[in-house]
Amino acid sequence: MSDISYREINANGFWHNNPGLVQLLGLCPLLAISGTVVNALGLGLATTLTLVASNVTVSLIRHWVRPEIRIPVFVLIIASVVTAIELAMNAFFHELYLILGIFIPLIVTNCAIIGRAEAFASKQPIPKALADGLAMGLGFTCVLVALGAFREAVGHGTLLADAHLMFGEAARGFSLTLFEEYRGFLLALLPPGAFIALGLLIALKNIIDARLQKRQPAQAAVPVEAAG
């Protein structure tokens with residue numbers, strides 16, 4: 001793992017080892033908060049900041065932490081970062097903070113964060129630990145936003161509703177109404193709808209992976225046939 005390239009780190013974070021689509025970690029906030037794009041984006045960015053800050057800190061102190069106490073130390077670091085993010089959101093994005101509620105402090109218990117600290121950041125230099133945290137966080141955020149867009153569009157018939165909660169009063173005009181006089185589809189907003197939407201995303205990824213695997217042997221066979 002020590003010689004892993006930045007390209008592999010990005011590919012793992014966004015696709016091959018995505019926390020939401022492959023590892024299936026952090027499903028509680030992933031499914032509970034992804035009712036709208038803005039909510040999903042807010043929690044996704046908070047998780048990304050936590051991953052980046054905790055990975056960098058763990059990598060920085062990795063030579064001074066004894067193996068026997070590494071997990072409690074990692075949890076303490078993550079909890080400290082999440083507390084700082086929670087206070088900042090309460091100060092600058094208070095209404096969004098109230099909507100996200102308990103799911104902000106619950107970032108501390110997200111297995112994806114402690115997993116990256118233990119499996120990657122504690123064994124890598126700071127630049128690669130930072131890149132891993134950023135890739136994993138943004139990959140998780142992309143899944144959150146995709147779920148939020150799907151559920152908001154199907155459930156409310158809108159996109160980017162309440163964008164002002166994150167981007168300020170000037171963003172009130174960002175909201176898009178996809179269907180006029182749409183009464184909504186309640187199932188998309190309930191927990192079963194979140195599971196269905198996530199299942200569809202995972203199925204789509206598996207279909208794309210299967211097609212890519214079929215193309216690779218065909219492309220590899222071309223030079224052999226040409227040489228014969």
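Please read all numbers here as calculations on a predicted model, not as lab measurements.
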Exercise. Is a donor on one side and an acceptor on the other found under 3.5 Å between the side chain of D162 and the backbone of L165?
Worked result: no
For this session: Sequence neighbours left out, what passes side chain to side chain contact (heavy atoms under 4.5 Å, CB included) with A146? Give chain and number order.
Result: L201
Problem set entry | Closest non-hydrogen atom pair between Q23 and N17, with its separation | NE2-O, 2.7 Å
Exercise. Should W15 and K205 count as side-chain neighbours, where that means a heavy-atom distance under 4.5 Å?
Worked result: yes
Exercise. Got a second to check how far M136's CE is from L51's CG, nearest 0.5 Å?
Worked result: 8.5 Å
For this session: Compare every heavy atom of A40 with every heavy atom of G148, then report the nearest pair and how far apart it is.
Result: CA-CB, 4.4 Å
Seminar exercise, completed: The side-chain contact (heavy atoms from CB on, under 4.5 Å) partner of I77 among V56, L60, T57 is T57
Problem set entry | Pairwise distance CD1(I78) to OG1(T83) - rounded to 0.5 angstrom | 11.5 Å
For this session: Kindly compute the distance separating CG (D209) from CD1 (I202), expressed to the nearest 0.5 Å.
Result: 12.0 Å
Exercise. When hydrophobic residues are tied together by side-chain contacts of less than 4.5 Å, even through go-betweens, does W64 share a cluster with F120?
Worked result: no
Exercise. Can you hop from F92 to V81 via hydrophobic side chains spaced under 4.5 Å?
Worked result: yes
Exercise. With Y6, which residues qualify under side chain to side chain contact (heavy atoms under 4.5 Å, CB included), at least two apart?
Worked result: I9, P127, K128, A131
Problem set entry | Nearest heavy-atom neighbours spanning L160 and E152 | N-OE2, 3.2 Å
For this session: Side-chain contact test, heavy atoms from C-beta onward, threshold under 4.5 Å: evaluate it for N55 versus L130 and give yes or no.
Result: no
Exercise. Do I71 and V73 share a hydrophobic cluster (ILVMFWY, side-chain heavy atoms under 4.5 Å, transitive)?
Worked result: yes
For this session: For side-chain contact (heavy atoms from CB on, under 4.5 Å), just list the numbers for F167 and L41, CA-CA rounded to whole Å, side-chain angles, deciding distance to a tenth of an Å, and then say yes or no.
Result: CA-CA 11 Å; F167 303 108; L41 183 60; 3.8 Å; yes
Problem set entry | Close side-chain approach of L96 and N39, heavy atoms under 4.5 Å | yes
Seminar exercise, completed: Tightest non-hydrogen contact, residues I104 and V82, listed as O-CG1, 3.4 Å
Exercise. Ignoring hydrogens and geometry, is there a side-chain-to-backbone donor-acceptor pair from S34 to L144 under 3.5 Å?
Worked result: no
For this session: Check whether L189 and Y182 end up in the same hydrophobic cluster, where Ile, Leu, Val, Met, Phe, Trp and Tyr are linked by side-chain heavy atoms less than 4.5 Å apart.
Result: no
Exercise. Can you list the steps and then say if D132 with R116 is a side-chain contact (heavy atoms from CB on, under 4.5 Å)?
Worked result: CA-CA 8 Å; D132 179 77; R116 297 320 295 170; 2.8 Å; yes
For this session: Determine whether L147 and L198 make a side-chain contact, defined as any pair of heavy atoms from C-beta on separated by less than 4.5 Å.
Result: yes
For this session: Check for a donor-acceptor pair, side chain of R70 on one end and backbone N or O of R62 on the other, with a separation under 3.5 Å.
Result: no
For this session: Kindly compute the distance separating CZ (F14) from OG1 (T141), expressed to the nearest 0.5 Å.
Result: 8.5 Å
For this session: Taking the side chain as every heavy atom from C-beta outward, state whether L204 and I208 have any pair of such atoms under 4.5 Å apart.
Result: yes
Problem set entry | Spatial distance of atom CD1 (I113) from atom CD1 (I107) [nearest 0.5 Å] | 6.0 Å
Exercise. Is the CD atom of E118 crowded by more than 12 outside heavy atoms at less than 6.0 Å?
Worked result: yes
Exercise. What closest approach, in Å, do T50 and S54 show between heavy atoms, and which atom pair accounts for it?
Worked result: O-OG, 2.6 Å
Seminar exercise, completed: Closest non-hydrogen contact found for V154 with F185 is O-CB, 3.3 Å
For this session: To the nearest 0.5 angstrom, please state how far the NE2 atom of H164 sits from the CZ atom of F174.
Result: 12.5 Å
Problem set entry | Heavy-atom side-chain contact between L30 and F140 under 4.5 Å | yes
Exercise. Hey, are the side chains of N12 and I4 touching, using non-hydrogen atoms and a 4.5 Å cut-off?
Worked result: yes
For this session: Would you kindly confirm whether L187 and L200 end up in one hydrophobic cluster when ILVMFWY residues are joined by side chain heavy atoms under 4.5 Å apart?
Result: yes
Problem set entry | Main-chain N/O of E180 paired to T177 side chain as donor or acceptor, under 3.5 Å | no
